[in-house]
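As a basis for the values below, the full set of heavy atoms in this structure was taken, side chains included, without hydrogen atoms, waters or symmetry mates.
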Amino acid sequence: MNNIDMLDNCNLCIRNCNINRNKNIIGVCKTDNIIKIARADLHFWEEPCISGAKGSGTVFFSNCNLKCVFCQNHKISQNGFGKQVTIERLAEIFIELQNKGANNINLVTPTHYVPLIIESIKIAKSKGLILPIVYNTNSTDTLETIKALNGYIDIYLPDFKYFDDKYSIKYSKIKGYSKNVIEIISEMIKQVGEPVFDENNIMKKGVIVRHLMLPGLLFDSKKVIDSIYNNFGDHVFISLMNQYTPLYNAKDYPEINKSVNPKLYDSLINYALSIGVKNGFIQGADNTLCDVVLSDGLGLRCIAFAVLG
């Protein structure tokens, strides 16, 4: 089957809309069969082994199949900010980012564009693209979607947002999240293997699992860490993030309409260390929040990372 044919009955994510996006029918992600991107440039605020000193060649894709009530990039994910580009143009963008000196090509929120991205990668490689490809996902991909990426992705950067489905349903409007994350991470490891780094400690292959701690959910965060480490041990890196900022519709949820308590974040770090986690990254409480402001005033937020332990 041609990759583009996957859009005839779209089940790229676990919402399984089963619609024909090639006939301009759209589902929860509000996306048809044309690529739309919000930004493409060097990005310096990912994990150290992704950004390094040269930056990660990052492409932020528009729209999203999650409905996170606290989304910090909601103008992109929920309001569809961005510009449509062809498969050929996306391939050119990959080459341009390589020419800028990027460490890798970093695909952010790519799930709903996977068949189109694969075609762009093919074209870009035929024109000289040699950089590792990073798949930076919210982890709603179906197992079939991840399997379709085999041979095209070098580094997987999946989120593990929640352990308990009651939180995934309440805050991101999706069922079956936790079980799916474990299944797809297993496939990711099968494809790319153990973490591999170059002489500058830049990752060339591997899996980094991200967890963004939410206010009041220390218990759930510990369950996430347990699940990652018990299933995958040191075969993956764990990235513990404290950059949560109550934006978008978080005001309608008083329990998360605040910042993460630094003491609770420290407790999560200590817990990870206590169960044996060694391969990981944390975000320092004293670091300044970094805003990458676009020409239209749209900000992409992040905090600098440090190595766990």
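Salt bridge absent: D159 and R210 never bring a charged side-chain N and a carboxylate O closer than 4.0 Å. Under a 4.0 Å N-O distance rule, the pair K100/E96 does not qualify as a salt bridge.
A single hydrophobic cluster is seen to contain both I4 and I37, as judged by linkage of ILVMFWY side chains at heavy-atom distances under 4.5 Å, directly or through other members. The hydrophobic clustering, which links ILVMFWY residues whose side-chain heavy atoms are closer than 4.5 Å, places Y244 and Y248 apart.
One side chain, D141 or Y135, offers a donor N or O that lies under 3.5 Å from an acceptor on the other. Defined by atom type and a distance below 3.5 Å, a donor-acceptor pair is missing between the side-chain atoms of N270 and S267. Residues E119 and N3 bring a donor and an acceptor atom of their side chains to less than 3.5 Å of each other.
Within the 3.5 Å criterion, the main-chain N or O of E46 finds a donor-acceptor partner in the side chain of S51. In this structure a side-chain-to-backbone donor-acceptor pair under 3.5 Å is present from S168 to I174.
Ring centroids of F81 and F60 are separated by 6.0 Å or more, keeping the two rings apart. In this structure, Y113 has its ring center under 6.0 Å from that of F61.
Considering only heavy atoms from C-beta on, E144 stays 4.5 Å or farther from N11 through its side chain. Within the 4.5 Å cutoff, the side chain of L149 has heavy atoms near those of the V114 side chain. Put simply, the side chain of T245 does not reach to within 4.5 Å of the side chain of F70, judged on heavy atoms. In this structure the side chain of N18 never reaches within 4.5 angstrom of the side chain of N16, judged on heavy atoms. The shortest distance between side-chain heavy atoms of Y265 and I282 falls below 4.5 Å.
Using a 30° and 60° split on the angle between ring planes, H43 and W45 fall in the perpendicular class, above 60°.
Residues satisfying the side chain to side chain donor-acceptor pair (under 3.5 Å) test with K127, not counting sequence neighbours, are none.
By the neighbour-count criterion of 12 heavy atoms within 6.0 Å, atom NZ of K173 is densely surrounded, having more than that number from other residues, nucleotides or ligands. Annotation: K83, atom NZ; neighbour count of heavy atoms from other residues, nucleotides and ligands within 6.0 Å does not exceed 12.
Here the straight-line distance linking atom CG of D154 with atom CG of L131 works out to 9.5 Å at 0.5 Å rounding. Once rounded to the nearest 0.5 Å, the distance linking CG of N104 with CD1 of I202 reads 8.0 Å.
Under the side chain to side chain donor-acceptor pair (under 3.5 Å) test applied with N65, the options N138, T111, T109 reduce to a single match, N138.
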Candidate pair S172 and Y162, rule side-chain hydrogen bond (donor to acceptor under 3.5 Å, both in side chains), full reasoning: CA-CA 10 Å; S172 294; Y162 316 96; 2.6 Å; yes

Worked check of side-chain hydrogen bond (donor to acceptor under 3.5 Å, both in side chains) between E255 and Y171: CA-CA 11 Å; E255 71 276 14; Y171 299 130; 2.5 Å; yes

